[in-house]
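Side-chain atoms are counted along with the backbone in the values below, which use heavy atoms only and exclude waters and symmetry mates. Quick caveat, the model's predicted, so the values are computed rather than measured.
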Amino acid sequence: MNNPELQRAWQIIENTGTHLFLTGKAGTGKTTFLRKLKKESPKRTVIVAPTGIAAINAGGVTIHSFFQLPFAPFIPDTTFNTEQKHFRFSKEKINIIRSMDLLIIDEISMVRADLLDAIDSVLRRYRDRYKPFGGVQLLMIGDLQQLAPVVKETEWNMLSRYYDTSYFFGSRTLKETTYATIELKQVYRQNDPYFLSLLNKVRENKADEQTLTLLNQRYIPHFHPAKEEGYIQLTTHNYQAQQINDHELSLIKEPAFSYKAEITGNFPEYSYPTDETLILKKGAQIMFVKNDPSPEKRYYNGMIGEISVIDEAGFTVRTKERDEKIIVQPEEWANSKYVLNEETKEITEEQEGVFKQYPVKPAWAITIHKSQGLTFEHAIIDAHSAFAHGQAYVALSRCKTLEGMVLSSPLSLHAIISDTTIDNYNQYIETHTPNEELLRAMQQTYFLNLVSELFDFSRIARSFNEQVRLIDEHFYKLFPQLLAEYKKQIQIFTTKIVDVSYRFHKQYERLVAQYPDYDTNNSLQARIIKGAAYFEQELRPFHKLAEATHLPTDNKELRKKANNTLEEFLNALTQKLSLLQYVEESGFHVSDYLRKKAYILLSETDHENSASTTTRDRKERTPQERSSRERKKIEVPSDILHPELYRKLTEWRGAKAKETGLPAYVIIQQKALLGMVNLLPDDAESLEAVPYFGRKGVENYGLELLGIIRGYMKEQHLQRPEIRTVFVPRERKRDKEDTKKISFRLFKEGMKVKEIAESRGLATSTINKHLLPYIQSGDIKLQELVNQEKIDRITAYLRKLPSLPQGLTEIKEKLGGDASYDEIRFVFEVYKKL
């Protein structure tokens with residue numbers, strides 16, 4: 001890496017925790033730098049981007065997908081009132097967020113300020129709520145001279161009260177932080193200095209008539225590229241790309257098939273995501289215009305493919321990237337608007353219409369907006385109608401050489417649009433590029449923060465307190481000695497761990513400031529190693545206490561809470577012990593420490609490490625765990641072996657989706673459909689063996705599907721093909737012990753009614769109901785639940801009555817508070833049998 005700007009950027013990301021905005025002209029190595037970081041950095045990294053194409057190019061995911069954000073404006077200090085599915089984070093996702101060190105946001109020029117604040121909100125929720133972005137380091141990559149954020153006028157009417165600009169640097173959270181900026185100067189994409197000088201003038205809004213004259217030498221009227229040269233056409237507007245695609249489609253000598261979109265409610269034509277009437281042919285080049293909503297994620301917005309099979313019922317696409325076949329199904333888009341309620345401070349989403357169509361469009365030409373982040377050997381550019389900041393520059397800079405670029409119309413000055421907000425921000429970039437002295441200070445701060453993190457025991461303290469609180473609230477009667485031991489140990493923890501760590505912090509902070517060579521200084525290393533050895537030894541007894549803890553209960557919710565609390569306590573201890581032991585043996589070196597930390601956190605996320613396994617091994621395996629071990633993988637051919645059966649099953653799935661109101665992939669996944677077509681299951685067991693289907697699918701739709709498959713096999717005189725792998729049926733669930741029997745067993749073991757209720761998380765009245773049949777049968781003596789004096793009083797009253805009462809209210813009113821309803825019921829049931 002002989003580039004001084006890239007070297008400094010690498011040092012900031014690798015050796016500091018400072019946020020960085022990395023910018024530079026197109027082709028200066030920003031994407032290459034990102035990929036090198038992803039491959040070599042020891043930091044736990046997540047990569048996101050604002051669009052599907054940008055995310056794929058960066059090797060990441062979209063911002064909205066990863067952070068599960070709605071597409072509404074994010075208004076500070078408000079909530080978003082919509083479906084809660086946006087905010088349901090899986091345990092795996094939460095662990096990833098909590099363990100990440102670095103968040104890379106590519107194509108930052110297209111990220112709105114409010115979206116950056118929405119990211120901050122999610123990160124604070126699951127990490128440190130008192131630190132911007134939850135304490136995660138940000139690397140923002142992009143060129144502000146390229147495409148700007150998209151913000152509708154109605155949305156800006158809401159946002160403009162909180163933001164002075166829609167660009168990312170208008171983020172309120174980002175303004176609270178100190179972040180460095182580095183602009184890359186050396187261009188790698190274009191090797192021609194002549195072409196590069198022309199691009200720079202366009203980028204910096206310095207293009208004059210001479211610049212345009214030189215560029216317009218590449219204007220070639222009526223240019224018709226040969227197919228083998230691989231030209232792609234870039235246009236400013238969607239309608240221009242549409243005209244080109246229509247022309248190319250007409251040149252294919254194959255039958256055309258048309259597919260009409262279903263439109264309900266208000267969905268304006270200018271918002272159609274693809275053609276209302278989609279006309280395609282075999283051999284047509286297409287691009288997907290939506291991410292695959294199914295779990296398989298077979299395609300993404302911007303993926304290029306070619307129609308390989310087509311008829312009136314639908315079509316199959318062969319992808320150019322992976323040479324895979326995708327059977328395409330219609331998808332839905334909603335037209336919604338967002339309204340801010342001034343009183344409740346909520347943003348509500350109102351759906352006005354729905355557009356349903358196949359998620360593709362012809363793609364011999366694409367818009368400039370879709371091309372950002374791509375590089376072409378040959379491109380035909382039509383930028384004379386540019387209407388947004390950076391649009392002309394993005395189009396021109398997609399080309400590697402001037403010779404590989406063709407202008408379909410002359411470029412004029414009015415097409416080169418610049419934003420004064422960006423010009424002003426460029427002055428900030430120049431003043432926030434760190435020098436060597438500032439870089440050293442940032443590195444020292446980062447080193448100190450990592451050491452402080454190693455000797456920070458707040459997570460363990462919180463988990464310890466939560467564990468004590470749980471035992472004190474729910475298990476104090478059953479395990480009084482365990483509770484006493486936990487309370488004793490938490491006092492020891494405070495004295496030997498928390499208090500000592502506070503004093504130790506002052507020592508290593510002073511040493512870091514004292515030694516310029518702090519990262520290699522032997523005295524400091526010896527002190528850190530000695531501290532790690534001390535805390536590692538002192539933490540061991542607490543880990544043993546947690547491992548020995550077992551809190552049995554028949555209450556499902558309480559059992560789940562107890563297991564989760566203990567698991568968190570064990571995980572916190574195990575992770576800290578592993579890191580301390582590592583430093584004790586190897587010393588504290590930033591890169592090595594980060595790699596070890598990432599390994600431990602990944603182990604905790606992916607394997608639930610040894611501590612959580614200890615907890616899980618005390619229980620039986622769940623049905624899901626049993627099924628994953630007992631089902632054998634079955635290989636399914638990728639080609640459709642029985643097209644007619646596939647058509648029938650697809651039609652059935654579509655009808656079922658319409659009937660239930662569920663998406664088609666929820667009824668049956670595409671891979672399951674393909675498995676049925678190629679494996680021809682003709683009974684329930686073989687149908688259950690189809691990958692991605694299973695027992696639940698058989699229960700819901702087995703009879704209907706087997707009817708279709710058997711009918712087709714009979715018509716075609718087919719036999720089910722031999723399946724080499726063996727399907728082992730799932731183990732049957734054991735019958736759960738009756739809840740009444742559990743209460744009876746605990747009572748016979750000597751527990752009082754109140755103790756049983758507390759241990760099971762149930763009301764005492766419920767336990768009494770459980771025990772009533774055993775009083776009636778004589779398995780429990782009445783005197784075991786009601787004292788003799790109350791039995792005599794209740795019985796004496798009943799003997800005075802001319803007949804047995806219909807209910808217990810009359811008896812209760814007569815006896816007042818001397819006897820409870822449960823006690824009266826027990827005596828009454830026994831008296832009836834006398």
Item checked: Side-chain heavy atoms of Ile709 within contact of Pro681, under 4.5 Å -> yes
Notebook entry, point to check: Taking atom CG of Leu251 as the centre, does the number of heavy atoms from other residues, nucleotides or ligands within less than 6.0 Å exceed 12?
Noted result: yes
Next item on the list: Flag the pair Gln357 / Tyr259 as yes when at least one side-chain heavy-atom distance between them is below 4.5 Å, and no otherwise.
Entry: yes
Notebook entry, point to check: So with a 6.0 Å cut-off around CD of Gln719, is the heavy-atom count from everything else above 12?
Noted result: no
Checklist line | Separation between CD of Gln669 and CZ of Arg653, rounded to the nearest 0.5 Å | finding: 9.5 Å
Check: Do Leu280 and Tyr358 come within less than 4.5 Å of each other through their side chains, counting heavy atoms only?
Finding: no
Check: Side chains of Thr553 and Asn555: do they bring a donor and an acceptor to under 3.5 Å?
Finding: no
Checklist line | Partners meeting side chain to side chain contact (heavy atoms under 4.5 Å, CB included) with Val354 (sequence neighbours left out) | finding: Thr264, Glu332, Gln351
Item checked: Least distance between heavy atoms, Phe693 atom then Val698 atom -> CE2-N, 3.6 Å
Check: Should the heavy atoms of other residues, nucleotides or ligands under 6.0 Å from NZ of Lys281 be counted, would the total exceed 12?
Finding: yes
Next item on the list: Could you note down all residue pairs passing side chain to side chain donor-acceptor pair (under 3.5 Å) where residues 701-715 supplies at least one of them, sequence neighbours left out?
Entry: His642-Tyr712, Lys648-Glu715, Trp652-Glu704, Lys656-Glu704
Next item on the list: Can you measure from CG (Leu645) to CG (Leu718) and round to the nearest 0.5 angstrom?
Entry: 9.0 Å
Checklist line | Heavy-atom check, side chain of Asp292 versus side chain of Ile326, under 4.5 Å | finding: no
Item checked: Min side-chain heavy-atom separation Pro273-Phe267 under 4.5 Å -> yes
Next item on the list: Begin with the C-alpha distance, continue with both residues' side-chain angles, and end with the deciding distance and a verdict on side chain to side chain contact (heavy atoms under 4.5 Å, CB included) for Thr45 and Leu139.
Entry: CA-CA 10 Å; Thr45 302; Leu139 170 58; over 6 Å; no
Next item on the list: Answer whether the closest heavy-atom distance between the side chains of Arg127 and Leu123 falls below 4.5 Å.
Entry: yes
Item checked: Heavy-atom closest contact (Ile47 atom, Leu34 atom, distance) -> CD1-CD2, 3.7 Å
Notebook entry, point to check: What residues form a side-chain hydrogen bond (donor to acceptor under 3.5 Å, both in side chains) with Lys297, not counting sequence neighbours?
Noted result: none
Notebook entry, point to check: Would you call Arg318 and Glu324 a salt bridge, using N to O less than 4.0 angstrom?
Noted result: no
